[in-house]
Amino acid sequence: MELSVNIDHVATLREARGGTEPEPIQAALLAEQAGASGIVCHLREDRRHINERDVRLLRELVQTQLNLEMAATEEMVRFACELLPDIVTLVPERRQERTTEGGLNLVEQRELLRGVIGRLQEREIRVSVFVEPDLEQLETAADLGADIVELHTGFYANATTPEAVQRELERLLNAAEFASALGLHVAAGHGLNYHNIVPLCRIRAIRDVSIGHAIVARAVFVGFEAAVRQMLELIRYGRTLPPLTLS
Ligand code: PXP
């Protein structure tokens, strides 16, 4: 399982003082040095953390894969078609939200998204769609020609009882296997941390995870490279456990 590191919250800290520190580009380079397979950033409409300058520098300097998260707006599609990230992840975006709150509704926005996905793919950008682990959404993702689905793991991350954790893991397993059988590359993310990553690694159909907040939070105490390495160690350990199967 590959780890992509989301560096948005390094920029959040910079913006707290409106200055130049800490530098999100430095975090990206350290994450790569520690073994991350990709760097993720979300250019939001309100530019609350990452800005255009960051994304342009990341495009120049990232040597693994640059994954740009964005809303499917005309402004963002044009920006991506000019910038040419390796991957675009389409996410829903609401101004008031503190972070992305749930998956895209592909079924409701089918025609808009078909056009956006086609335009990005014409520029040879791989397109990922961030969705709930819901079979109708996954069928729609395949129908729209998405390359990757990123399953929203927020409900799993927020589950507080062993029963709820198990139920959410099984929902993710079912969705990951279904998406994989449809020929989609399966990723997962949101709310993953050092405490909940290991059981998720037992879902073999999930090939990538995208993790931000937990790594940035730990980096404050142990440094960025160490925070990424610790996450990679847990992922490697999780992959040695028996695969999760549907009960
Ligand atoms: N994946 C997507 C699509 C996201 O929007 C986010 C949050 O920006 C993440 C993964 C990372 O979530 P977290 O910061 O909780 O690890």
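Position 1 is the first residue of the sequence, and the numbers go up from there. For ligands, and for the atoms within them, numbers begin at 1 and follow the listed sequence. Because the structure is a prediction, the values reported are computed rather than measured.
- Side chains of Asp208 and His185: a donor-acceptor N/O pair is present below 3.5 angstrom, by distance only.
- When only modelled atom types and interatomic distance are considered, Glu15 and Asn51 share no side-chain donor-acceptor pair under 3.5 Å.
- The distance criterion of under 3.5 Å between nitrogen or oxygen atoms is met by Gly191 with respect to ligand 1.
- Contacts between His190 and ligand 1 below 4.0 angstrom, taking non-hydrogen atoms only, involve backbone and side chain alike.
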Stepwise side chain to side chain donor-acceptor pair (under 3.5 Å) check, Glu150 with Ser128: CA-CA 7 Å; Glu150 181 177 334; Ser128 174; 4.7 Å; no
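- Considering backbone and side-chain atoms together, Glu150 places an N or O closer than 3.5 Å to an N or O of ligand 1.
- Near Asn6, meaning under 4.0 Å from one of its heavy atoms, ligand 1 places the atoms 8 (O).
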For residues 228-237, please give each side-chain donor-acceptor pair under 3.5 Å, one per line with the distance, not counting sequence neighbours.
residue, atom, partner, partner atom, Å
Arg229, NH2, Glu225, OE1, 3.3
Gln230, OE1, Arg218, NH1, 2.7

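- Under the 4.5 Å side-chain criterion, counting only non-hydrogen atoms from C-beta, Asn193 is in contact with Asn196.
- If you number the atoms of ligand 1 from 1 as listed, the ones under 4.0 Å from a heavy atom of Phe130 come out as 3 (C).
- Of the candidates Thr89, Asn6, Asp86, Asn67 forms a side-chain hydrogen bond (donor to acceptor under 3.5 Å, both in side chains) with just one, namely Thr89.
- The side chain of Glu69, and not its backbone, has at least one atom closer than 4.0 Å to an atom of ligand 1 (non-hydrogen atoms only; side chain from C-beta on).
- For ligand 1, one of its N or O atoms has an N or O atom of Gly212 under 3.5 Å away.
- Taking every heavy atom of Val91 and a limit of under 4.0 angstrom, the matching atoms of ligand 1 come to 3 (C).
- Distances shorter than 4.0 angstrom occur between a heavy atom of Ser210 and an atom of ligand 1.
- For the atom pair CD (Gln137) and CG (Leu151), the distance works out to 11.0 Å, reported to the nearest 0.5 Å.
- Distances between N or O atoms of His213 and those of ligand 1 include at least one value under 3.5 Å.
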